[in-house]
Amino acid sequence: HVQLVESGGGSVQTGGSLRLSCATSPLSYCTYDMSWYRQAPGKEREFVSRIDSDGSTTYADSVKGRFTISHDNAKKLVYTAYLQMNSLKPEDTAMYYCKLEVSGSDTYCPLNGYSDWGQGTQVTVS
């Protein structure tokens, strides 16, 4: 089991910025891919962005050019992924969740294939 700790949500006005963080403990011989999803009231959870272990990134069309995903995977004791959100719009209002996916050799990475979600952090844009 790998614990994910999210932070950084809040309330901002239209056009404002927020930075979300999702932190967890790195595992030796395992690689991490991290994604961000969001869920607005009454709607299904939707993909926002993803960063692979090699740093390659993917974005939903609705956030391209406004959101930037990054990660800090150089530290031995903590792995952190970030979602920098600029030019926020009311339609960005949602609960944001990070999702971790673990990969690696079955021999050396006991959590190969494991995935888990963060607890969620609320973003409100008015």
Side-chain angles (χ1 to χ4, degrees):
H1 179 70
V2 179
Q3 185 178 14
L4 299 170
V5 179
E6 291 190 45
S7 61
S11 297
V12 296
Q13 293 186 336
T14 299
S17 298
L18 286 172
R19 189 175 81 155
L20 307 183
S21 299
C22 183
T24 188
S25 300
L27 298 172
S28 299
Y29 307 111
C30 298
T31 60
Y32 287 179
D33 300 328
M34 190 74 83
S35 300
W36 288 94
Y37 286 75
R38 66 186 181 187
Q39 187 167 19
K43 295 187 177 182
E44 294 186 354
R45 190 171 297 189
E46 64 175 5
F47 169 80
V48 175
S49 184
R50 174 188 174 98
I51 184 164
D52 291 338
S53 58
D54 63 0
S56 57
T57 59
T58 309
Y59 296 94
D61 289 343
S62 59
V63 306
K64 280 181 181 177
R66 301 188 299 121
F67 290 11
T68 302
I69 192 170
S70 62
H71 64 190
D72 181 357
N73 59 359
K75 297 178 182 177
K76 292 185 177 180
L77 298 181
V78 63
Y79 167 93
T80 307
Y82 303 96
L83 186 68
Q84 177 67 44
M85 305 185 295
N86 298 328
S87 303
L88 283 162
K89 306 175 181 180
E91 50 264 45
D92 295 317
T93 295
M95 185 73 77
Y96 283 70
Y97 299 90
C98 60
K99 179 183 180 182
L100 172 70
E101 295 172 85
V102 181
S103 299
S105 162
D106 286 335
T107 301
Y108 299 107
C109 177
L111 290 185
N112 178 36
Y114 174 85
S115 66
D116 203 359
W117 295 88
Q119 81 277 13
T121 185
Q122 178 68 38
V123 171
T124 302
V125 186
S126 59

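In this text, all values refer to a predicted model and were calculated from it rather than measured experimentally.
Side-chain contact between Lys99 and Tyr97: absent, with no pair of heavy atoms (C-beta onward) separated by less than 4.5 Å. At a threshold of 4.5 Å between non-hydrogen side-chain atoms, the residues Ser25 and Gln3 do not count as touching.
Applying the ring pair (Phe, Tyr, Trp, His ring centres under 6.0 Å) test to every pair with at least one member in residues 2-28, sequence neighbours left out, gives no pairs at all. Residue pairs meeting the disulfide (SG to SG under 2.5 Å) criterion with at least one partner in residues 40-74, sequence neighbours excluded, do not occur; the list is empty. Pairs engaging residues 21-41 under the salt bridge (charged side-chain N to carboxylate O under 4.0 Å, His left out) rule: Asp33-Arg50, Arg38-Glu46, Arg38-Asp92 [sequence neighbours left out]. Screening residues 24-53 for disulfide (SG to SG under 2.5 Å) gives Cys30-Cys109 as the qualifying pairs, with residues at least two apart or on separate chains.
For Thr24, the side chain to side chain contact (heavy atoms under 4.5 Å, CB included) criterion is met by Val2, Leu4, Tyr32, Tyr79, Leu100, not counting sequence neighbours. Looking at residues two or more places apart in sequence or on another chain, you find a side chain to side chain donor-acceptor pair (under 3.5 Å) between Lys64 and Asp61. Partners of Thr14 according to the side chain to side chain contact (heavy atoms under 4.5 Å, CB included) rule, which considers only residues two or more places apart in sequence or in another chain, are Pro90, Val125. Applying the side chain to side chain contact (heavy atoms under 4.5 Å, CB included) test to Gln119 and every residue at least two apart in sequence or in another chain returns Glu6. Partners of Thr124 by side chain to side chain donor-acceptor pair (under 3.5 Å), not counting sequence neighbours, listed by chain and number: Gln122. Looking at residues two or more places apart in sequence or on another chain, you find a side chain to side chain donor-acceptor pair (under 3.5 Å) between Ser56 and Asp52, Asp54.
In this structure, Tyr29 belongs to a hydrophobic cluster whose other members, linked by side-chain heavy atoms under 4.5 Å apart, are Tyr108.
In terms of heavy-atom proximity, Ser115 sits nearest to Glu101 at CB-CG, 4.0 Å. The two residues Leu20 and Gly9 make their nearest non-hydrogen contact at CD2-N, 3.6 Å. Residues Met34 and Cys98 come closest through the heavy atom pair SD-CB, 4.1 Å. Between Gly8 and Leu18, the closest heavy-atom pair is O-CD2, 3.9 Å.
Checked by atom type and distance alone, the side chain of Asn112 pairs as donor or acceptor with a backbone atom of Gly104 at under 3.5 Å. Remark: the backbone N or O of Gly65 is not paired with any side-chain donor or acceptor of Tyr59 at under 3.5 angstrom.
Transitive grouping of hydrophobic side chains (ILVMFWY, heavy atoms separated by less than 4.5 Å) brings Leu27 and Ile51 into a common cluster. At a threshold of 4.5 Å between side-chain heavy atoms, the hydrophobic network of Ile, Leu, Val, Met, Phe, Trp and Tyr places Met95 and Val123 in two separate groups. By the rule that hydrophobic residues join a cluster once side-chain heavy atoms approach within less than 4.5 Å of another member, Val102 and Trp36 end up as members of one cluster.
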Taking distance alone, no hydrogens or angles, what donor-acceptor pairs closer than 3.5 Å link side-chain atoms of residues 80-87 to residues at least two apart or in another chain?
{"from": "Gln84", "atom 1": "NE2", "to": "Asn86", "atom 2": "OD1", "distance (Å)": "2.9"}
{"from": "Asn86", "atom 1": "OD1", "to": "Ser17", "atom 2": "OG", "distance (Å)": "2.9"}

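Note that the SG atom of Cys22 and the NE2 atom of His71 stand 13.0 Å from one another [nearest 0.5 Å]. Atom OG1 in Thr57 sits 14.0 Å away from atom CZ in Phe67 (nearest 0.5 Å).
By the neighbour-count criterion of 12 heavy atoms within 6.0 Å, atom CD of Glu44 is sparsely surrounded, having that number or fewer from other residues, nucleotides or ligands.
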